[in-house]
Amino acid sequence: MRRARIRTAACVTALTAALAAAGPTPPPAPGIRWGDCPQKPVPAGMRCATLSVPLDHAHPDKGTTRVALARIPATGPARGRLGSLLLNYGGPGAPGIASLAADPVLFAKLGERYDLVAFDPRGVGLSDPVSCGGVQEADSGAGPGAPGDPAAQLAALRAEVRQCERHSGRVLPYIGTVHVARDLDLLRQALGDRKLNYLGFSYGTRLGAVYAALFPQHTGRMVLDGVDTLTEPLTEQALASARGQQRALDNFLTWCAHQEHCVYGTNTRTAREKVNALVARLDEHPLTGTGGAPFTGDDAVLAIGSALYAKTSWPDLAAALARAERDADPAGLEGLVEPPATAPAGTPSKVPADNAEAALTAVNCADDPDRSEEKADPASIAREIDGLGEQFRQASEIFGPRQLMTVLSCYGRPAGSDFMRRIDHPGAPRMLLVGTRGDPATPYEWTEETARRLGSAVIVDYKGDGHTGYPVSACVRGYADGFLTDGRLPAGTRACPAGE
C-alpha cells in the first residue's frame, strides 16, 4: 500500500486548478443492465454487469475499458433503503466481485438498507485484467533476498515491464488509483446515486481518499478501515511496513509466551532472537518442502507475515513454528500461505493466474512519482540498496531485508502521479477512519496522517491486532454501521478495545 504535510488554502486552489486542467469530464454513465454472474457459485440474489469507462478520462476519444461489478439488492423495506454502498476489499489487485461472493454475511446489517455493490477495479479480475505472463516472481529477480548484480537486476526489471506491456493490452498505461476513482464516479452515476456511499479496506482506503479529493461534492458516507498512507514514497512505505510487521510479530510472541507449550518459552526477547535464528538457518540450510522443493528463510518470512494479518491465525502460526523447530518440518508454515498464482475458486479462466500480482505492482507504481526510467541505472540501484540496508535491518532483522527489495519494484516503469501527495483538506464531508494498533500492513500512524490530510475525518482507534478492524470487532462495526446507516458520527477519536 501509499503517500505529505498539511499546507495552506493556496494548495487547495492549486489542486483545483490542476484537476480542471486534467481534461474534460466524460459524459454521464448510462444505466446498468444486470444479469447472471460469470463466476460461480454466487449468493442468492447476486447479479453482475459491466460498465464501459474511458481508458483515459482526460481524453475519452482514446477508447474504453470494462469495469465488472456485482450487486446484492437491499433486503429491508423499500422505504428505508439508502441506495448503493460501494465496497472495496483492498489490494491493489484484489477482485471485489469474488470477495463479495465469498462472504456477504459480514455486511448483512448494511445490506438491509443498502444495495451492496462490489467491483473489480480496472485491470483486475473480470475487468480487462492485466498480466505479465507469469514472469514477475519467477524471472524478474526482484523478489525478496539479495539484489545480486545491479545491472542484471535492472535488465530483468525492464524485461518484466516489456512482458507486462505485451500481455496486458491497452489498459496498462491507464491503471492507477486516480483512474479508478474517476471510474467510481461514473459507476455512482450509472447506479443512480446522488452521492457515493463507500466502505473501503486497506488499499480501498487510498481509493476512497482519492475519490473524496477529486469529488468532494459527490462524497457521501465514507468509512475507511486499515488506512493507507497518501504521502510516503515507496522506500518510506517499505520501512514503515517492516516496522509494522515486526510490531505485529512481537505482539504474537508476547501472546505465545502466555500459551501452554509455546516453542519459544516465556521470554519474549529471546523468542524474537530465536525466530531470527530460524530464518537465518533456513537461508543457509533450507528444509525440504512439499514436492521436494527447498523451504527457505524467505518462505518462512512470507508464512509468518501472512499469519500476522489475522489474530485468528496465531494458534496455527504457533503450531507451525513448533513443528519447524522441533521436527524440521515446514509443512505447517507452508499451510499458512495461499498457493501463488492461483485465481479465486470459481473465477472464469479468462483471468490470468498472475493478475493480482501484476495489478498490485502496476497500481503502486502508477501512484508513486519517485521512480522513473530516467533515474534507473545500475549505480543508483547499488547506492540506494547499500545506503538503506542497515536502516531496514534495524527496523526488523527478518522483515527489513525483504521489504527493502520492494523499493526496486518500479524501476524501469514511467514515473507515476503525484496527485495523492497534493491532497490537502479537499473539502469532503466528515468521514470515519479506522486504525488498528497492531496492524502489520497499514500502521496506525498512517490513519492519523491521512485524517490530517483529509481534514474532515473522525478516527476509531482499535486497540487490537491484525489487518483492519471491521471484520473482527463488534465495537468497530457499531461505529461504522451506525455512521453508514444513520449518519451517526462521534465528535472526536473513539477507542475500541482488543480481545472482543
So how far is it from L308 CG to L317 CG, rounded to the nearest 0.5 Å?
6.0 Å
Answer yes or no: is there an ion pair linking R402 with D283, defined by an N-O contact shorter than 4.0 Å?
yes
Can you give me the closest heavy-atom contact between G435 and T447, atom names plus distance?
CA-OG1, 3.3 Å
Main chain of R66, side chain of R122: is a donor-acceptor contact present, judged purely on distance under 3.5 Å?
no
Do R437 and Y444 form a cation-pi contact, if we require the NZ or CZ to be under 6.0 Å from the six-membered ring centre and within 45 degrees of the ring's axis?
yes
Rounded to the nearest 0.5 Å, how far does NZ of K109 lie from OG1 of T485?
6.0 Å
When every non-hydrogen atom of T442 is compared with those of V227, the smallest separation belongs to CB-O, 3.5 Å
Let me confirm one number: the CG-OG1 distance from D299 to T296, rounded to the nearest 0.5 Å.
3.5 Å
Give a yes or no on whether a salt bridge exists between R494 and D461, defined as a side-chain N under 4.0 angstrom from a carboxylate O.
no
So, D228 side chain and T205 main chain: donor-acceptor pair closer than 3.5 Å or not?
no
Donor-acceptor contact below 3.5 Å, side chain S417 vs main chain F419
yes
If we ignore hydrogens and angles and just use 3.5 Å, is the side chain of K40 paired with the main-chain N or O of C37 as donor and acceptor?
yes
Below 4.0 angstrom, N of the basic side chain to O of the carboxylate: do R113 and D486 qualify?
yes
In chain order, what residues pass the ring-ring contact (aromatic ring centres under 6.0 Å, His included) check against Y211, with sequence neighbours excluded?
F215
Between A213 and P426, which heavy-atom pair has the shortest distance, and what is it?
CA-CB, 3.6 Å
If I take atom CG from residue L196 and atom CZ from residue R188, how far apart are they, to the nearest 0.5 angstrom?
7.5 Å
At what distance, to the nearest 0.5 angstrom, does CG of L214 lie from CG of D185?
8.5 Å
Donor-acceptor under 3.5 Å (S131 side chain, S168 main chain)
no
Shortest non-hydrogen contact from S202 toward G90:
CB-CA, 4.2 Å
E357 backbone acceptor or donor facing T361 side chain under 3.5 Å:
yes
Can you see whether Q403 engages Q245 through a side-chain donor-acceptor pair at a distance of less than 3.5 angstrom?
yes
Looking at R281 and E284, does any basic side-chain N land under 4.0 Å from a carboxylate oxygen?
no
Which one of T177, N88, N364 satisfies the side chain to side chain donor-acceptor pair (under 3.5 Å) criterion with Y203?
T177
Below 30° counts as parallel, above 60° as perpendicular, anything between as tilted: where do the rings of F201 and F107 land?
tilted
Taking every heavy atom of P440 against every heavy atom of H467, the minimum-distance pair comes out as CD-N, 4.0 Å
Donor-acceptor contact present, side-chain N267 to main-chain T270, <3.5 Å:
yes
Considering all heavy atoms of both residues, which atom of G438 and which atom of D465 are nearest to each other, and what is their separation?
CA-OD1, 3.7 Å
May I ask you to check whether D439 and Y309 show a side-chain donor-acceptor distance below 3.5 Å?
no
Can you sort out the partners of D115 under salt bridge (Lys or Arg N to Asp or Glu O under 4.0 Å), two or more places apart, ordered by chain and number?
R71
Do NZ/NE/NH1/NH2 and the carboxylate oxygens of E449 and R453 come within less than 4.0 Å?
no
I need the W446 CH2 to R206 CZ distance, nearest 0.5 Å.
9.0 Å
Could E334 and R323 be called an ion pair, given the rule that one side-chain N must be under 4.0 Å from one carboxylate O?
no
